[in-house]
Every structure is written in structure tokens, then in C-alpha cells.
Amino acid sequence: MSVSREELIHAATTFGTPLYVYHAESIADQYQKLANAFSTLNARFFYAAKALTNISILRHVRSIGCSIDCSSVNEVKLAIHAGFTPGQILYTSNSVSFAEIQEVVSLGVSVTIDSLSNLEKFAAAYGGSYPVGVRIRPNIMAGGNTKISTGHAGSKFGIPIEQVGSLQELVEVHKLNLQTLHIHTGSEISEASVFAKGVQLLLELADLFPTVSIIDLGGGFKVPYRPDEKETDLDAIAEEVRKAFAFFREKTGRQLQVWFEPGKYLVAQAGYLLASVTVVKPTDTICFVGVNSGLNHLIRPMFYEAYHHISNLTHPKGEPYPYQITGNICETDDFALARMLPEVREGDLLAFHNAGAYGFEMASSYNARVRPAEVLYTNGQPQLIRRRETLDDLLAQQIIV
Ligand SMILES: *Cc1c(COP(=O)(O)O)cnc(C)c1O
């Protein structure tokens, strides 16, 4: 545990539950692992902000030297608010209006476009005056779950590789300054070979586009969610990229940069969702444990069948039993089925691990239940970085007629 059991209990006692707790040093450690693994390459890392956009987290990510990848114009504005300079910000668009792209261009950040349609509009508006990247759909199946696979032949993301002829024509006619070729094939990619395949494919394309100087391999590095799972082998990916880049340099004389957009890798393990046990309900077949949280706070188990490790913080030495851990939302709302946990009693405090990425960020106020508070531990000190939502917050935007 990157935050100790005592620290988690202390945070829950101080700030109440349900509560998100993050650990600043874990984020820095993960970033350092990336920087070390790719140190022999000309590499840059852009934190995929959509995993967790709390401003204090963004400021921390900036302070450790990481750049940022944004998936909406508002994420770009949050990044600027957190102190990132335009040169540190990358915007990866999908299914967006051209007006949003124009707004992002006016902010001076790097832009990746994912359709020929928007690229045509971009060409008409800017020609070669503003550098641009394109997202390619490589038709590779990768990732932990169909909802998080984004590079296959049925995916909405990117310009399909079979349309590269049209891309080439557009680039040549408008003399576009095509700087970056990008792919992001999915999340929770365990095999280095997926990245190797991606880099091969982008280098073949780079050969066709002499202005390209950056290969962006996206995010998707896997972190262990289950106790027996392994992290993506970064050294193996670095070696594949190094070999491929060296070969390309020999052939073309061009020196390339590699960019990555890690989301989960940086923040997943740094976060915990803490919830209190409200009801223990034994039945003939299953013992249900109800907590004061649910899919409104952490949707990943219900949405992606994601596994989140759970600890009973306040009874760690209890006799283990199988439990169905459920939320308080009025529909099927399971965190875990048949999960062995030390005996759970009403009032116990449970920790859901690996909740830093796509946890709070995907939270809602479904059932008119408020979103949790967020706390950041830095040097052993917990600081509130978002107060708990209130009923007034839920009413604030409504116009009573
Ligand atoms: C979501 C996303 C990422 C981050 O994915 P992780 O699995 O969290 O690393 C990176 N790049 C793009 C374009 C994305 O949409």
C-alpha cells in the first residue's frame, strides 16, 4: 500500500466517507519509472488528464516534469489553469466540432486530428502554418476489454490505415506541416509486442511523410489490478522502439522523437476509494455487504467488469469469508462477487484499490447522491483537494419554473 492502512483510516476519520485518497509520491515514482525506461530515447510523456483532472493532481504532475494530454478543450483550459504552458499540452481530438479544434489552436497547443473531414477543414483554415498530428487507426486489436479497445478495424478512433492515400493527397495539396503520427490502441495493454507492431506501422507511414518528426504511441500501459497481474514491461517496449528508430535513422537519416500518453500508469495505483460498511446481510447463499458508495462513485466494476482489490482496513486479521460487496444505488450495483475478505462488520472501513484512474473522474450524482471528497497525501500529510458535494451543489444549476 502506498498510503499506509493507518493513514487511510486517519483520512477517513478526518474527512468522512466515501472518500477518494491519492498519494503524490506514487505518481512521481511511476513517472520516474517511465523516464528511466526510455532514458536512451528522445522521449516525452504526456499525462492523459482524463484519468483524473483534479487541479491539485495536475499541478503535481506538472511539478514532476510531465507534460499533459487533453481530450477536450476544457481539459486544455484546466491544464493551463494548473500552470502547464502551451508547449507542454497536447490535445487529442475525436468526434469534435472543427470550432473546438480552432479554439484549441488559438491556445497554441499541439493538436492531433482523428478524421479526414476535420483535417480537410484544418488544411483550409491553416494550411502548413500550424504543425499538426494525425491519429491513425492501425486495425490492431488490443486492450483489456472491448470498451477500452480503440485501434481495431471497427473502432471509431483515427484515420483508418487503408485511407492513407487520401491522407497523403491532403497533406501534399495543402503542404501541411504534418509533425506527428499517433496511435492509441487501447487500455491495459500487457504485451510489448502491441507497441512494437504499432511503431513498425507508424515508421512505414513516416517514410511517406518527410515532415514527420514525432511518433506518438499513446497510452495504455497496464498496471496490475489483481494481485497476480504484472505491469507492462517498459524495458521491452523501450528496446523495440530503440531498435526500430535506429533502423529508421540508418535508412532515412531522420532522428525521431517518441511520445507517450500514460493515464492509468501514472495515477491508478496512487488512488483509493474509502467506503464504510452500512449493512451486512447474510442470506442462504450469499452474504451481502452494503457500503455507502456505489457505481455513482466508481463505475469500473459495473461498466468494464473491472477487478478492484478490496481491503478491510478496520478488521484486517478477521476470519476470511466470501462476500458480495454492493453499493447503495437502486439497481444492480456490485463492486465484487464472492470476494474473500477478513470478516466484515457494520461500521468497518473498506478500501478499493487502484481507484486513482477513471474513478472520481467518471463519478456522477445518480440517485441524487453527492460525489465524494478528494484528499491528497504528500510527505505523509493529507490535504483536502475537493470538498464533498452537497445537495446545494445539485440544485445550483437548476432553474425552478
Ligand atoms: C484514454 C487515452 C489515453 C490514456 O489511456 P490509459 O489506458 O489510461 O493509459 C491516452 N491517449 C489517448 C488518446 C486516450 O484517449
Side-chain angles (χ1 to χ4, degrees), residues 26-27 30-31 33-34 37-38 43-53 57-58 61 66-76 79 89-96 100-101 104 109-115 118 132-138 140 142-152 155-159 180-192 194-195 198 202 214-225 229 231-232 234 237 258-271 299-300 303-304 306 308 354-362:
S26 295
I27 298 173
Q30 289 296 96
Y31 177 70
K33 275 176 14 193
L34 283 170
F38 293 92
R44 280 186 74 186
F45 304 95
F46 296 75
Y47 166 54
K50 75 175 192 284
L52 177 60
T53 57
I57 298 293
L58 299 188
V61 166
C66 192
S67 297
I68 190 162
D69 175 43
C70 301
S71 54
S72 71
V73 63
N74 279 347
E75 282 185 5
V76 171
I89 303 175
L90 170 62
Y91 165 81
T92 309
S93 66
N94 97 86
S95 301
V96 304
E100 180 163 321
I101 292 177
V104 167
V109 309
S110 298
V111 174
T112 298
I113 290 180
D114 104 322
S115 67
N118 267 331
V132 68
V134 292
R135 179 171 186 166
I136 302 293
R137 191 187 75 188
I140 296 173
N145 176 294
T146 53
K147 288 200 185 83
I148 52 174
S149 294
T150 52
H152 57 87
S155 165
K156 69 161 179 165
F157 292 98
I159 298 168
T180 307
L181 293 174
H182 168 277
I183 53 169
H184 170 69
T185 51
S187 198
E188 299 184 20
I189 303 168
S190 46
E191 322 86 51
V194 172
F195 288 92
L202 289 188
I214 299 160
I215 298 296
D216 180 345
L217 296 176
F221 298 135
K222 185 176 174 58
V223 293
Y225 278 79
E229 281 179 341
E231 227 172 70
T232 310
L234 295 180
I237 296 171
V258 64
W259 288 5
F260 291 101
E261 303 161 356
K264 275 180 190 160
Y265 191 81
L266 289 178
V267 299
Q269 292 156 301
I299 202 175
R300 301 188 71 260
F303 196 47
Y304 305 119
H308 282 268
N354 274 25
Y358 311 104
F360 184 92
E361 205 58 31
M362 294 177 91

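Given the structure is predicted, the values throughout are model-derived calculations rather than measurements. We count ligands from 1, going down the list as the structure has it; atoms in each ligand are counted the same way.
- Counting heavy atoms from C-beta outward, Tyr91 and Val96 have side chains that approach closer than 4.5 Å.
- For the pair Leu34/Phe260, no side-chain contact is recorded, criterion being any heavy-atom separation below 4.5 Å from C-beta on.
- In this structure, the salt bridge (Lys or Arg N to Asp or Glu O under 4.0 Å) partners of Lys222, at least two apart in sequence or on a different chain, are Glu188, Glu229.
- The ring of Tyr47 has its center no closer than 6.0 angstrom to the ring center of Tyr31.
- The closest approach between Gly220 and ligand 1 falls below 4.0 Å for a heavy atom of the residue.
- Among Glu261, Glu188, Lys264, Lys222, the residue whose heavy atom lies nearest to atom 12 (C) of ligand 1 is Glu261.
- Using a 4.0 Å cut-off between heavy atoms, Thr150 makes no contact with ligand 1 at all.
- With a 4.0 Å heavy-atom cut-off, ligand 1 is reached by the side chain of Ala48 but not by its N, CA, C or O.
- Ring-plane geometry between Trp259 and Phe46 is classed as tilted, the angle between the planes lying from 30 to 60 degrees on a 0 to 90 degree scale.
- Scanning all protein heavy atoms for the shortest distance to atom 7 (O) of ligand 1 gives Ser187 OG, 2.3 Å.
- Ligand 1 places these atoms under 4.0 Å from at least one heavy atom of Thr92: 13 (C).
- With a heavy-atom cut-off of 4.0 Å, Tyr358 touches ligand 1 through its side chain alone.
- Every atom of ligand 1 with a heavy atom of Lys50 under 4.0 Å away is listed here by number and element: 1 (C), 2 (C), 3 (C), 4 (C), 14 (C), 15 (O).
- When each of Val134, Thr92, Val104 is checked for a side chain to side chain contact (heavy atoms under 4.5 Å, CB included) with Val111, only Val104 meets the rule.
- Atom 5 (O) of ligand 1 has as its closest protein heavy atom His184 CE1, 3.5 Å.
- Atoms of ligand 1 found under 4.0 Å from any heavy atom of Gly263, numbered from 1 in the order shown, are 4 (C), 6 (P), 8 (O), 9 (O).
- Which parts of ligand 1 touch Arg135 is read off a 4.0 Å heavy-atom cut-off, strictly below it: atoms 13 (C).
- Remark: Glu231 engages Lys33 in a salt bridge (Lys or Arg N to Asp or Glu O under 4.0 Å) (not counting sequence neighbours).
- The shortest distance between side-chain heavy atoms of Tyr265 and Thr232 does not fall below 4.5 Å.
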